[in-house]
Amino acid sequence: MTAPEYRAERAISPADGAVSWVVVDGDLALHAEGCAFLAGLRGRDRSVNTERLYAGRAALFLSWCAGEGISWTQVRLDQMARFKRWLVAEPLPSRRRAAGGQRRHRSPATADAILGTVCEFLRFCAIHELVDAGLVAKLYETRELRVLPPGYEAGEDGQFRAVRSRVLRFVVPETPFEFIEPDRVDELVAAATNARDRFLVALVAMTGARIGEALGLHREDMHLLADSHVLGCSVAGPHLHVRRRADNANGALAKSRFPRSIPVPEEAVTLYADYAHERHLRLGDEENPLVFVNCYRPPLGAAVSYQNAKEMFDRLAHASGIAVRPHLLRHTAATTWLRQGTPRDTVQELLGHVSPTSMQPYLHPNEQDKREAIERGAAWARRR
């Protein structure tokens with residue numbers, strides 16, 4: 001008998017068109033516990049992209065267990081260790097090959113992210129008495145933080161130094177985020193083929209907004225006047241408001257639950273005016289409240305989806321020769337601000353990070369920074 005293969009599938013509600021993700025087998029039968037886990041994520045307001053990732057990871061684990069003849073509800077710690085090894089040893093099922101014709105494998109960082117999701121899935125099932133709680137207890141251990149991450153508060157008596165840590169994990173060195181030089185952003189804006197796409201690229205690059213935050217913007221969020229008091233807003237200068245809304249037609253969801261305002265430079269204001277003018281010419285007085293809508297292909301006036309945005313950035317990468325994606329532009333904005341001497345807490349607020357530790361990957365110096373430090377030290381020594 002062939003072991004069942006599980007996969008993640010997108011589900012669209014017939015009632016309101018809301019998008020969610022489920023885990024199904026080869027006959028499209030729902031995996032009850034996997035779907036319950038994903039529903040729990042939605043209940044905690046996790047983004048649809050997070051739900052999609054977790055669905056695929058849970059399906060991968062369930063398929064591995066079925067292929068190994070293991071009951072996932074009774075999986076042992078030694079079997080989980082085998083799953084960990086398999087994640088990096090098994091070649092990826094891809095037609096593309098790495099350099100030299102070698103099969104591609106998951107990186108330890110990717111494998112560790114999958115392990116983390118699987119442990120969270122098993123923990124969810126243990127809470128609901130679907131798997132043995134004793135197994136989940138073995139997957140985690142309590143350890144004390146000797147060196148605190150930047151911005152981490154241990155409490156007055158050090159009571160928060162003890163944290164729960166996974167037993168099975170890959171040691172993944174922290175690497176700096178990729179970014180492009182700021183002057184290349186102008187090339188990307190110029191390579192966009194219409195006013196809407198030029199504005200979207202510039203907005204993400206100039207404000208550091210996440211793509212979900214940008215696609216979820218409403219026209220009422222765009223306070224681009226020099227003085228917004230007439231709109232009932234006391235924030236000075238042109239700016240936009242990032243708000244978390246769960247009912248956007250395109251499923252776009254701001255990651256942070258906390259609203260924030262982001263200043264908008266004059267160049268972005270001009271690009272928005274160009275886009276608003278072109279939108280009116282093509283669509284007339286349509287009433288979609290979202291900023292980014294389909295102006296150039298049906299369904300006209302519908303909200304731009306994540307998939308639409310991905311396709312646009314893929315076309316832009318091909319046209320410009322720059323391997324661009326929305327998060328690369330966000331990283332570029334943050335890196336530029338820090339290099340210009342912007343205080344770290346200001347950058348954290350602009351990016352919408354709740355924890356100061358989220359800023360750490362932006363703080364790695366590049367080769368130029370290190371060379372300039374050495375040269376400054378040598379110049380100081382010469383003067384002495």
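In this chain, numbering begins with 1 at the start of the sequence shown. Quick caveat, the model's predicted, so the values are computed rather than measured.
- Here the side chain of Asn248 pairs no donor or acceptor atom with the backbone of Gly251 at under 3.5 angstrom.
- Note on ring orientation: taking the six-membered ring where Trp is involved, the planes of His239 and His241 are perpendicular (angle over 60°, cut-offs 30° and 60°).
- Taken to the nearest 0.5 Å, the CG atom of Leu60 stands 5.0 Å off from the CZ atom of Arg106.
- Here Leu225 contributes atom CG and Asp227 contributes atom CG; the two are 8.0 Å apart, rounded to the nearest 0.5 Å.
- The hydrophobic clustering, which links ILVMFWY residues whose side-chain heavy atoms are closer than 4.5 Å, places Leu351 and Val185 together.
- Side-chain polar atoms of Thr110 and Ser107 form a donor-acceptor pair below 3.5 angstrom.
- Atom OG of Ser234 is separated from atom NE2 of His223 by 10.5 Å, given to the nearest 0.5 angstrom.
- Within the 3.5 Å criterion, the main-chain N or O of Arg169 finds a donor-acceptor partner in the side chain of Lys84.
- With hydrogens and angles ignored, the 3.5 Å screen pairs no side-chain donor or acceptor of His218 with any backbone N or O of Asp221.
- Ring to ring, Tyr54 and Phe121 are not that close: their centroids are 6.0 angstrom or more apart.
- In this structure, Arg46 contributes its side chain and Leu41 its backbone to no donor-acceptor pair below 3.5 Å.
- A salt bridge (charged side-chain N to carboxylate O under 4.0 Å, His left out) with Glu51 holds for exactly one of Arg44, Arg42, Arg10; it is Arg42.
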- Task: Under the side chain to side chain donor-acceptor pair (under 3.5 Å) rule, what do Tyr296 and Glu278 come out as? Steps first, then yes or no, please.
- Result: CA-CA 10 Å; Tyr296 314 100; Glu278 187 168 310; 2.5 Å; yes
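- Hydrophobic clustering (ILVMFWY, side-chain heavy atoms < 4.5 Å, transitive): Val22 and Leu53 are in distinct clusters.
- Tyr275 and Met222 fall within the same hydrophobic cluster, where Ile, Leu, Val, Met, Phe, Trp and Tyr residues are linked whenever their side-chain heavy atoms come under 4.5 Å apart, directly or through other members.
- When atom types are taken as modelled, the side chain of His105 and the backbone of Arg103 share a donor-acceptor pair closer than 3.5 angstrom.
- Ring pair Trp86/Trp64 is tilted by interplanar angle, where 30° to 60° counts as tilted.
- Between the side chain of Gln348 and the backbone N or O of His353 there is at least one donor-acceptor pair closer than 3.5 Å.
- Below 30°, between 30° and 60°, or above 60°: for Tyr272 and Phe199 the angle between ring planes is between 30° and 60°, a tilted geometry.
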